[in-house]
Structure formats: structure tokens, C-alpha cells
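Hydrogens, waters and symmetry mates are skipped; everything else that's a heavy atom, side chains included, is used.
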Amino acid sequence: MVMGEYHTVSVKSLATSAGCYFLIVCYPFSICICDLITNVGGWTVFQKRLDGSVDFFRNWESYKNGFGDLNKEFCLGNDNLHRLTFSEDVMLRVDMEDFDGNIKYAEYTTFQVADEADKYRILIGGYSGTAGDSNMQFTTKDADNDLSPISCAQRHSGGWWFNRCSSANPNGLYHNGPYSGQYSDGAKWVTFRGHFYSLKRIEMKLKPKTVQSAEEKKLLPFFMTVMKTAESFQATYVATSLFSLPLKQSVCESSNLDLCGNKGICIPDYSKDSFTCKCDNGYTGTRCEFIIEDCSKLGQSGLASTGIYYIIPDGGSVIQVLCDMTTNSGGWTVFQRRLNGSVDFFQGWESYKNGFGDLNGEFWLGNDNLHRLTASSDVMLRVDMEDFDGNITHAEYTTFQVADEADKYRITIGGYNGTAGDSMPHKWHLNLQFSTKDVDSDLHPDNCAVLLSGAWWYHSCSWANLNGLYRRGSYNTSYLPHGVKWVTFRGQYYSLKRTEMKLKPKP
């Protein structure tokens, strides 16, 4: 086929709740699905879930080459995803529907997938939409590329760009709505319906944002004018682009200045003859001129919403963190959270060193990161707690510092105030080292981490054990007090419902 010539091909109308789709010949590929209706149209659909008819728990080769049925459920293939995104400035859209008929979407202004040599590493950013933002190399059940000690693809029964593990899993198991289990392995988008809800319909699609050169124009597919006859549908290719093409250079191209410095990408706005800067992770400002050292710096940059952000606390590598921008003037970097017992906190030294869990759920940020966050700043600690009767309380400490691994993450803490009572009193917790089930650093003849099924700065052993077993309230006193406890709040034998440990520089 020569683009610009007319060609007639058969098409099949595919009715879905989101609109009408057409099966077409799609240059430069053999076959693809184009959504010509949603949000101005022009989307190339690369993933679709409808009814659970296709198994998405597949291996590397399947996700590389693609699988399924374009008329039903399918994955277009990571090789094709790379080809569709590597040479264009591409945006991503994810359309979703639950089993109650609620329809949501998420859009990202930046979406790029690397080649197989880089394990299809994803670059994504610029969220907008109604479903909530849920942001690595691709992982399948036979190729583990995530940051978790275990394979997230195995645990969550899907193939995805997992971190440790993920708040999104559109390629997970099709569970038909809410379900229960040890792991959240359904087709999920956590910020839409939570961890244990498997969605009814998902479509992932992409299209270029703008086209700026004649060469890029030649790469665009040409859409169809659909004509209905008495017998069948037919389609005619027309030499008209899917997208409106700006004919002038953008501000980003025409300016002799480096508008976004070396820490951002200039994104043009042709309608306003202006631009915005998409900053690298950990940077902010209109020209990406400021480093986000911790969550307290977000408010100074106009980012006031609680959520997941990137920070650079010491000029080193980037850390992804949960920022609490609401509690007590906001600006808190959360490093521990317990919510529902979904994550096992009885883990070893390496897990506590590197961190584990899910920033959208339960997690420990990692002792290496704790050291980085407290080593160079005069930092305060806050612990927020809630019991199963709805009582909420807190403890704050004006001094909080964690040493490095060589000193076994020794803690310096003091200056209590709050409503929960002081369960980390100075005389018991000054200069204590961290203990886990496989590294005993406490002052007790036995290992307190083993006795109390947790990990902490134990003395012999402790009034606080926020990384203990999730026991859901009061429990039998014949056991050792190994629950999620803060003794001065609810006593030795009460395991709390919710805890959050967070820090920020002192004002």
C-alpha cells in the first residue's frame, strides 16, 4: 500500500460501552484497533479487557509479541509499543469501567516504552483524569525486573511495569468485581476501586500529542471514512491525517534559550504560543530550577495535594515517597504505614534496609532512605495512630535521626509532645540500634524482633512495636505482646488499626 492512494478494505463494527471501533489495516503494522471517537479520537488501542475470555498471566515472549483477539481482549505486544512510542511525543489514555457502570479514565502527557534490550522500560508522567494516578522495566512470570524481593508478576498474576509491587495491574486476573485473597491479583487500578476490586472493562490507548516536521507527518497512519451499504461496511483510506498538524515552529523549537534547563523537557502549547516544562523526577519550578529535597518543599512549589512524589533528599538518587500535605500544616514525608494487615512486616534486615510494600497501601520506606532523610536535616517525627473504636491520637518528637547501616541505623530521638503518650521514652530509646528477626541488636538476652514478631529500635524489649503483627484490636494475653502496639495509647495487648510514621524538617 502506498499512503495517499485509495484502498477499500472490509471493516467490522465493534460495539462497546465506550463507543464504536473499527478493525483496520494500520500502517506500519499489519492490523490494529483505532478508537476514532474517544476525546477527539485518533487513539491506537494496545490493550483491552472485556470479559475475562483471554488469559493475561503470560510469559515474556507472549507480552513481547502480543496475544489475544482484536475483536475481544488483547495485548498488542511490547515490541509494537516500543515502535509506536520511541519516535513520537506520545500521550497515554486508560479508560476503565467497574461492574456498577461507573466509568473513569486516566491520561498521561508523557508515555514512552524502551526496546527489549532495556526490558521495555517505561517513561510516564503528566497525569490528569478522574481515576487517580497509579505510577520501570516490564516484569512477567518468567522475567523478574521489579524492585521487590519476590516476583510481583507471580504474586499479582499479571505482566506489568511493577515497582514493589504496584497500585495498577490492568493485566491481572479477571475477578468480576470485589474479591478476597492473600494478594491483590485482580485487574486493578487502586485509586479507582482499591486493591481488591477487579474492573469490568479496561482499554489502554495512545496517540501523538503534536507533529512538528514533515518527516513525522509521513509516519502517521491515515484514518478511514466509513461507508455503510445495504450488504456490508466498507472503508476507504483518505490522505488525511488523524491529527491536526501545526505548520509553524513551536516556542520550544524557535527559542535560542534552553527554556527548561538540563532538568526538564520543553512541551509546546500551540494554541497559546507558549510552553510548559516537564521536570525530571525530583525537580520542580516553572523552569525546573528547584530540587524537591523532601515533602515540605512541595508546598513552596505550589504542590499542595497529598500523594506520591519524587524527592532528592541529599543530592543523590531519586526516592519515590508518599507526602502528607494535610496533617498539621502538611509537608510530612511518610516512611511507615499500617492500614489493614495486607503486607507482612515480619521481614529480615535486607527488606527493612531497602524498603517494602506499596506506597498506596502499607509500606516501610527503607532504613537507607530514613538515614538519607535525617542525616543532613534537623528533623522532627510524627506518629499518627487510630484504634478500632475510631479513637485517633498522635505523638511528635522534636528530635529524630537515624544513623547509617554501619551503625545499624542507630536512633536519636527526644522532645515528646502529643496526645498518645510517650512510648519511646528517652531513657529506653536513646542511641538504640535497629533489630530484625535475622539481626539482633537489642539489649535483651533473646532477640526482641523474634519475640515480638516485628522489627524496631528495641531495648529489652519495647513499649512500641508499630511493625508488629496486625492483630485487629485486643488479643489473648497468653501470647507475647507482639501486635501493632503503642503502650501508652492502648496498652500491651491491643493491636492498632492504623499507624503512620512521618518526618519533616523543623521550622
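Smallest separation of non-hydrogen atoms from Phe57 and Ser157: CD1-C, 3.5 Å. The two atoms that bring Tyr120 and Trp161 nearest to each other are O-NE1, 2.9 Å, heavy atoms only. Heavy atoms only, all atoms of each residue included: Arg49 and Ala187 are closest at NH1-CB, 4.1 Å. Taking all atoms of both residues into account, the shortest heavy-atom contact from Lys48 to Phe56 is O-CZ, 3.7 Å. Contact detail for Thr140 and Ser151: the closest heavy-atom pair is O-OG, 4.2 Å. Taking every heavy atom of both residues into account, Asn391 and Phe489 meet most closely at O-CZ, 3.8 Å.
For the side chain to side chain contact (heavy atoms under 4.5 Å, CB included) criterion with Leu370, the lone passing option out of Thr333, Leu365, Leu503 is Leu503.
With Glu73 contributing its side chain and Asp51 its backbone, the two residues share a donor-acceptor pair below 3.5 Å. When atom types are taken as modelled, the side chain of Lys188 and the backbone of Gly172 share no donor-acceptor pair closer than 3.5 angstrom. Looking only at distances, a side-chain donor or acceptor of Arg338 sits under 3.5 Å from a matching main-chain atom of Gly468. The main-chain N or O of Phe67 is never found under 3.5 Å from a side-chain atom of Ser62 such that the two would form a donor-acceptor pair. Judged purely by atom type and a 3.5 angstrom limit, Trp486 has no side-chain atom pairing as donor or acceptor with the backbone of Met385. Distance alone, capped at 3.5 Å, is enough to place a donor-acceptor pair between the Arg337 side chain and the Leu359 backbone. The backbone N or O of Leu496 sits nowhere less than 3.5 Å from a side-chain atom of Arg490 that would complete a donor-acceptor pair. In this structure, the side chain of Tyr470 does not engage the main chain of Asp344 through any donor-acceptor pair within 3.5 Å. With hydrogens and angles disregarded, no donor-acceptor distance shorter than 3.5 Å links the side chain of Asn145 to the backbone of Gln137. The closest donor-acceptor contact from the side chain of Lys504 to the backbone of Gly330 lies under 3.5 Å.
Proximity of His482 to Tyr475: side-chain heavy atoms (C-beta onward) are separated by under 4.5 Å at one or more points. Using a 4.5 Å heavy-atom cutoff, the side chains of Ile292 and Tyr309 are not in contact. You'll find the side chain of Phe74 reaches within 4.5 Å of the side chain of Val45, heavy atoms only. Side-chain contact between Trp160 and Pro170 is present, with at least one heavy-atom pair separated by less than 4.5 Å. Contact annotation: the side chain of Tyr283 approaches that of Ile312 to within less than 4.5 Å [non-hydrogen atoms, C-beta and beyond].
Salt-bridge formation is detected for the pair Asp100/Arg193: a Lys NZ or Arg NE/NH1/NH2 atom is positioned less than 4.0 Å from an Asp or Glu carboxylate oxygen.
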Run the ring pair (Phe, Tyr, Trp, His ring centres under 6.0 Å) check on Phe335 and Trp364 step by step: do they pass?
-> CA-CA 6 Å; Phe335 65 86; Trp364 180 263; 5.7 Å; yes
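Take Ser342 and apply the side chain to side chain contact (heavy atoms under 4.5 Å, CB included) test, not counting sequence neighbours, and it matches Asn340, Glu362. Under the side chain to side chain contact (heavy atoms under 4.5 Å, CB included) criterion, Arg498 pairs with Leu339, Asp384, Glu386, Ile392, Glu500, sequence neighbours left out.
Figure legend: Arg93 and Tyr105 shown as a cation-pi pair, the cationic atom lying under 6.0 angstrom from the six-membered ring centre and within 45 degrees of its axis.
Side-chain contact, Tyr493 with Asn476: no donor N or O sits under 3.5 Å from an acceptor N or O.
Of the two cysteines examined, Cys295 and Cys323, the SG atoms meet the criterion of being under 2.5 Å apart. Of the two cysteines examined, Cys288 and Cys277, the SG atoms fail the criterion of being under 2.5 Å apart.
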